[in-house]
Amino acid sequence: GGSEMHWNRVWEDLALRHEVIAADLPGLGWVEQAPLSSVSAYAEWLVAVLDELAVERAWLVGNSFGASVAWSLAGRFPERCAGLVVVNGVPMPKTPTTLRWCGDTRLGRALMRFLLRKLSFNPAAVERGFVDPDHVPAKLRHLMATEEGEVVLRRFADILIAGDGAPAPSTPPLLLWGASDHLPGTSAAAARRLRRSLPGSKLKFVKSAGHFPQIEAPDAFVRKLEALIASGS
């Protein structure tokens, strides 16, 4: 959600050759604003951003949760998508009705927050997402240790409970992956399974990088991203 924390190591290099739009998602990266209710709502919000900037079509590059949002935009608004690059992330699945009903209860929301905190939203999990813990941004460590982080956690949990699925993009997504990602569901093996499920897709690994390859290996990330975009243009 927070564009500066996640993308500031690569956006100046990319801006030498591309127009770069890096939006803080309301309520997540831009915490002072109210969050939106679902991944599809964030996709619609990004379309409104493109409209405001008079951008007819764009390459969509999303990391982690941002990959779910980019996938949703590409699937729901194919006319706005020049191509999709998924970075260590997966499409948001549709939440089964029973689980969604459970999630709408106080106990269900508390359980979702507990699972999210245990699996990925804690200092130890953050370090597992990086090959070198020294590469963890100070702002991310701060987020894990403050009330602001708890606010973001609650909002992510609500969005996951509302998981509304997304149609498949009309063109095969391109996958760019930190090879040493040890977070649940986004390992190198998971990337290979995702590629096999997407006929025509391509997968490139960034060595010596985990869940956030654009932070840990920015030069290699930019090279491989631009090679993927060139191959899909």
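Position 1 is the first residue of the sequence, and the numbers go up from there.
Surrounding CD of Glu56 are at most 12 heavy atoms belonging to other residues, nucleotides or ligands under 6.0 Å away. Counted within 6.0 Å of CD on Glu12, heavy atoms from surrounding residues, nucleotides or ligands total 12 or fewer; the atom is thus considered open. Atom CD of Gln33 is surrounded by more than 12 heavy atoms from other residues, nucleotides or ligands within 6.0 Å. Atom CD of Glu79 has more than 12 neighbouring heavy atoms from other residues, nucleotides or ligands inside a 6.0 Å radius.
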Subject >> Test log, rule side chain to side chain contact (heavy atoms under 4.5 Å, CB included), inputs Trp7 and Val20 >> reply: CA-CA 11 Å; Trp7 296 103; Val20 176; over 6 Å; no
Exercise for review: Go through the steps to decide whether Lys224 and Val206 satisfy the test side chain to side chain contact (heavy atoms under 4.5 Å, CB included), and finish with yes or no.
Suggested key: CA-CA 8 Å; Lys224 291 177 182 289; Val206 179; 3.8 Å; yes
Could you go step by step and tell me if Asp51 and Arg80 meet the salt bridge (charged side-chain N to carboxylate O under 4.0 Å, His left out) rule?
CA-CA 10 Å; Asp51 288 342; Arg80 310 305 296 270; 2.8 Å; yes
Evaluate the side chain to side chain donor-acceptor pair (under 3.5 Å) criterion for residues Thr186 and Asp181: first the C-alpha distance (whole Å), next the side-chain angles of each, then the deciding distance (0.1 Å), finally the verdict. CA-CA 6 Å; Thr186 52; Asp181 187 346; 2.8 Å; yes
- Task: Determine, stepwise, if the pair Val86 / Trp71 fulfils side chain to side chain contact (heavy atoms under 4.5 Å, CB included).
- Result: CA-CA 8 Å; Val86 172; Trp71 183 292; 4.0 Å; yes
Applying side chain to side chain contact (heavy atoms under 4.5 Å, CB included), run through Leu84 and Trp59 and close with a yes or a no.
CA-CA 6 Å; Leu84 170 64; Trp59 273 87; over 6 Å; no
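Arg9 contributes no side-chain N or O that, together with a main-chain N or O of Pro218, makes up a donor-acceptor pair within less than 3.5 Å. For the pair Arg128 (side chain) and His182 (backbone), a donor-acceptor distance under 3.5 Å is absent. With hydrogens and angles ignored, the 3.5 Å screen pairs no side-chain donor or acceptor of Gln214 with any backbone N or O of Phe221.
Aromatic ring pairs are classed by plane angle as parallel below 30°, tilted from 30° to 60° and perpendicular above 60°; the pair Phe212 and His6 is tilted.
Residues Asn63 and Val87 come closest through the heavy atom pair ND2-O, 2.9 Å. In terms of heavy-atom proximity, Phe130 sits nearest to His135 at CE2-O, 3.6 Å. Contact detail for Ala125 and Leu183: the closest heavy-atom pair is O-CD2, 3.3 Å. Contact between Ala58 and Leu50 at its shortest, heavy atoms only, is CB-CD2, 4.3 Å. Of all the heavy atoms in Leu228 and Ser231, the pair that sits closest is O-OG, 2.7 Å. The two residues Ser201 and Pro173 make their nearest non-hydrogen contact at CB-O, 3.0 Å.
The structure places CG of Asn88 at 7.5 Å from CG of Leu176, a figure rounded to the nearest 0.5 Å. Between the CG atom in Leu225 and the CG atom in Leu14 there is a gap of 6.0 Å [rounded to 0.5 Å]. In this structure, the separation between OG on Ser180 and CG on Asp132 is 11.5 Å, given to the nearest 0.5 Å. Atoms CG and CZ, from Leu203 and Arg196 in turn, are 10.0 Å apart once rounded to the nearest 0.5 Å. For the atom pair Glu44 CD and Leu73 CG, the distance stands at 9.5 Å (nearest 0.5 Å). Here the CD1 atom belonging to Ile21 is positioned 9.5 Å from the CG atom belonging to Leu46, to the nearest 0.5 angstrom.
Salt-bridge annotation for Arg155 and Glu150: absent, with no side-chain N of the basic residue lying under 4.0 Å from a carboxylate O of the acidic one. Looking at Arg17 and Glu226, a side-chain N of the basic residue comes within less than 4.0 Å of a carboxylate O on the acidic one, giving a salt bridge. Of the charged side-chain nitrogens involved, at least one lies within less than 4.0 Å of a carboxylate oxygen, so that Glu147 and Arg154 count as a salt-bridged pair. Salt bridge annotation for Glu127-Arg141: present, with a cationic side-chain nitrogen under 4.0 angstrom from a carboxylate oxygen. The residues Asp158 and Arg113 are annotated as not salt-bridged, no charged nitrogen and carboxylate oxygen being separated by less than 4.0 angstrom.
Grouping the Ile, Leu, Val, Met, Phe, Trp and Tyr side chains by contacts below 4.5 angstrom, directly or via other members, places Val131 apart from Val222.
Between Tyr42 and Ser72 the shortest side-chain heavy-atom distance does not fall below 4.5 Å. Between Lys139 and Met5, the closest side-chain pair of non-hydrogen atoms falls below 4.5 Å. Annotation: side chain of Val47 is not in contact with side chain of Trp45 (no heavy-atom distance under 4.5 Å). Using a 4.5 Å heavy-atom cutoff, the side chains of Phe121 and Met144 are in contact. The shortest distance between side-chain heavy atoms of Val39 and Phe65 falls below 4.5 Å.
Side-chain atoms of Ser3 and Asp24 form a donor-acceptor pair, as typed in the model, at a separation below 3.5 Å. His211 and Ser64 form a side-chain donor-acceptor contact under 3.5 Å, judged by distance and modelled atom types alone.
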